[in-house]
Amino acid sequence: MDLQKFYIGGAWVIPHSSREFPVLNPATEERIGTIILGDEHDVNAAVAAARAAFESFSQTSRVERIALLERLLEISKDRREELARAMSAEMGAPISMARNAQADSGIGHLEGILEALKTQELRETLPNGDILVREPIGVCGLITPWNWPVNQIALKVLPALATGSTCVLKPSEHTPMSAAVYAQMIHDAGYPAGVFNLIHGDGPTVGAGLSRHPDVDMMSFTGSTRAGIAVSKDAADTVKRVTLELGGKSPNLVFADADLEEKVTASVLECMYNTGQSCDAPTRMLVERSCYDQVLQIAKAAAEGQAVGDPSQEGDHIGPMFDRIQFDRVQSMIQKGIGEGATLLAGGLGRPEGLDKGWYVRPTVFADVTNDMAIAQQEIFGPVLVIIPFENEEDAIRIANDTPYGLAAYLQTGDPERAERVAARLRAGAVHINGGGFNYGSPFGGYKQSGNGREGGMLGLEDYQEVKTLHFG
C-alpha cells in the first residue's frame with residue numbers, strides 16, 4: 001500500500017503537495033512509513049469530488065445504502081486482523097487489544113449504524129398534519145485522532161455513508177496506515193467515486209482548510225478541546241454544523257459499600273487501558289473517606305501489577321505512548337504532581353524497568369490529591385490516576401462536577417438507589433455504574449467542554465441529517 005497517495009474521486013492519486021511526514025513505530029522509535037501532508041489544492045480536489053458525488057448519492061434509496069453497508073461489514077470482518085496490525089504498529093496498541101477492541105470497533109459500530117438505519121423514520125406525519133422528512137446533510141469534513149483510529153473513523157464515516165451524505169476524511173497524520181486500509185475497504189465495497197475521500201495533512205492546513213471550506217456542510221472533529229475550539233471558529237464564517245468529541249477528566253466515585261477489591265482493581269486497569277490514551281478514561285478516582293486507606297492499598301497493588309511491554313506480543317499488557325511529544329507531556333505532568341505535593345503511590349518518572357527504547361511510561365498513581373491541582377484538572381492522556389478523598393455523597397458530587405469536562409463518569413456502589421440518585425446529578429454524557437461498559441449502538445458524547453453532538457446509533461445518524469418540513473395546502 002502506497003501511503004504517499006490520497007484517495008480522491010474513487011482512485012488513489014498523487015497529491016499536489018510534496019511535503020513529507022514520517023510515520024514512526026512508538027515501540028521501536030523507527031520510521032515505518034512516510035506520508036504526504038496535503039495542501040489547499042488537495043483539500044479543494046477532495047471537496048470537489050465529494051460535492052459532485054453528493055448530487056447522485058443523496059438520491060439513493062435506503063435499501064441501496066443498507067446493501068453497501070452490509071458489504072462493508074463483510075469486508076470489515078475479513079480485514080480485521082490487517083487493521084489490528086496496522087494500529088499496533090502505528091500507535092502502539094498491544095496486538096490483543098488492537099484486535100479485540102480497536103479493530104473490533106469498526107465492526108461493532110457498523111452493526112449499530114445498520115440497526116439504526118433500518119429502523120429510523122425518514123418520513124413521518126406530525127400531529128398537525130405536516131410531513132417531516134430527514135435528508136442527508138451534504139458534504140462532511142471528518143477529522144479523527146490517533147488514539148482510537150478506526151473507532152473514530154467508523155463513528156464519523158459510517159453515518160455519512162448511511163444517510164446519503166458524502167465525506168472527506170483527514171485522519172491523524174500519526175496513524176495513516178489503518179486509515180488507508182479503511183479507505184481501500186470502502187472502495188472494495190463498491191461505493192461510487194467521490195462518496196468517500198481520504199487526504200492526509202496537519203490541522204492548520206488541511207484541518208482548517210476543510211473547516212473553512214464553503215462547500216463543506218458539516219464538520220465532525222474528535223481531539224483536544226483546544227483544537228475543537230479552533231475548528232468551531234474556522235467553521236463559523238460559513239455557518240456549517242459542527243459536532244465535537246473532545247477531552248475529558250472523568251471522575252470515578254467509589255463509595256464504601258462497593259465491592260472494593262473488585263471494583264477498585266478494575267477501575268485502575270480501566271484508567272491504564274490503551275496506555276491511558278482514552279478521552280473517557282476514569283482518571284480521577286474519588287474515594288469515600290471511610291474506605292480511603294483500603295482503596296489506596298488496592299490501587300497501589302493494581303497499578304504495580306499492570307504489565308507494560310511490546311505491543312507486537314499477545315497479552316493484556318499496555319504499550320507505549322504514541323510518540324515522543326506525548327511521552328514528554330506525561331513525564332512533565334508526573335513531575336508537576338510531585339511538585340504539587342501529591343503522594344506518589346505507584347510508578348513515577350521515567351520508563352519501566354527493562355525498557356530503554358520506545359515511549360513507555362510507568363503506570364502511575366497519585367494519592368492525597370486535591371481537585372484544584374493541575375493533575376486533577378488537566379487531561380494528562382497517559383497511564384496516570386489521581387485519587388481524591390471525599391466526605392459524603394454531596395461532597396463527592398461537588399468534586400466530580402468541578403471540572404471543565406463532562407464526557408463520562410463512573411460510579412461504584414452497592415446501593416442501587418444511590419446509584420440512580422448520584423448518576424442523575426453527574427454532569428456527564430455517560431455514567432458507567434459498577435463496571436457497566438459501553439455498548440455499540442448507544443450514543444457517545446459529552447457535556448461542557450467535552451463537546452457537543454452524539455456519535456453512534458440513532459443519534460449519530462441524526463447529526464448527519466437535515467430536517468425538512470412539508471406544508472401541504
Side-chain angles (χ1 to χ4, degrees), residues 1-8 12-39 42-43 46 79-95 97-99 102-103 105-106 142-154 157 168-187 197-207 210 222-224 227 274-275 277 310-313 318-330 357-361 381-382:
M1 183 172 294
D2 188 350
L3 290 177
Q4 297 197 11
K5 290 183 177 179
F6 295 168
Y7 184 78
I8 298 176
W12 292 99
V13 301
I14 297 173
H16 176 271
S17 172
S18 59
R19 185 158 63 106
E20 294 187 344
F21 183 84
V23 182
L24 306 179
N25 182 314
T28 65
E29 305 175 36
E30 296 174 353
R31 182 184 290 220
I32 56 175
T34 302
I35 62 169
I36 301 297
L37 298 178
D39 59 19
D42 296 309
V43 172
R79 303 191 72 171
R80 171 175 163 174
E81 184 67 18
E82 186 177 356
L83 284 171
R85 293 195 176 278
M87 288 182 283
S88 184
E90 67 191 359
M91 55 82 61
I95 187 60
M97 181 263 192
R99 185 182 299 124
Q102 294 273 11
S105 66
L142 313 175
I143 303 177
T144 57
W146 49 263
N147 60 321
W148 284 90
V150 167
N151 182 79
Q152 292 307 129
I153 289 174
V157 171
V168 178
L169 169 67
K170 188 205 90 65
S172 168
E173 56 269 38
H174 297 281
T175 52
M177 296 164 60
S178 54
V181 174
Y182 204 87
Q184 188 62 46
M185 288 163 49
I186 291 173
H187 178 87
N197 304 274
L198 166 70
I199 58 175
H200 297 297
D202 59 22
T205 306
V206 172
L210 287 172
T222 296
S224 70
N274 201 34
T275 319
Q277 299 170 126
D310 185 349
S312 69
Q313 301 298 311
I318 61 174
M321 310 305 302
F322 90 101
D323 78 346
R324 173 64 183 264
I325 294 174
Q326 190 61 20
F327 173 86
D328 288 344
R329 171 175 166 74
V330 172
K357 180 181 288 188
W359 308 123
Y360 295 96
V361 172
F381 229 59

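Along the sequence shown, residues are numbered consecutively beginning with 1.
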Item to check | Check: M177 and M87 side chains under 4.5 Å, non-hydrogen atoms | outcome: no
Item to check | Polar side chain donor-acceptor pair, W146 to Q277, under 3.5 angstrom | outcome: no
Next on the checklist: If I compare all heavy atoms of I199 with all of F6, which pair ends up nearest, and what's the gap?
Outcome noted: CG2-CD1, 3.5 Å
Checklist entry - Got a sec: does the CD1 of I32 have more than 12 other heavy atoms crowding it under 6.0 Å? => result yes
Checklist entry - Going through the checks in order, is the side-chain contact (heavy atoms from CB on, under 4.5 Å) test met by I36 and E20? => result CA-CA 5 Å; I36 301 297; E20 294 187 344; 3.8 Å; yes
Checklist entry - Given side chains that start at C-beta, do those of I14 and K5 come closer than 4.5 Å, heavy atoms only? => result yes
Item to check | Separation between CG of L24 and CH2 of W359, rounded to the nearest 0.5 Å | outcome: 9.0 Å
Item to check | Over all atoms of both residues, closest heavy-atom pair of I35 and V23 | outcome: CG2-CG2, 4.0 Å
Checklist entry - Side chains of F327 and V361: closer than 4.5 Å at any heavy-atom pair? => result yes
Checklist outcome for this item: When rounded to the nearest 0.5 Å, the distance separating CG of N151 from OG of S178 is 11.0 Å
Checklist entry - Testing K170, E173, H200 for side-chain contact (heavy atoms from CB on, under 4.5 Å) with V206, which one passes? => result K170
Next on the checklist: Using 0.5 Å steps for rounding, measure from the CZ atom of R19 to the CG atom of D39.
Outcome noted: 8.5 Å
Checklist entry - Does the side chain of I325 reach to within under 4.5 Å of the side chain of R329, using non-hydrogen atoms? => result no
Next on the checklist: Any heavy-atom pair between the side chains of Q4 and P15 that's under 4.5 Å?
Outcome noted: no
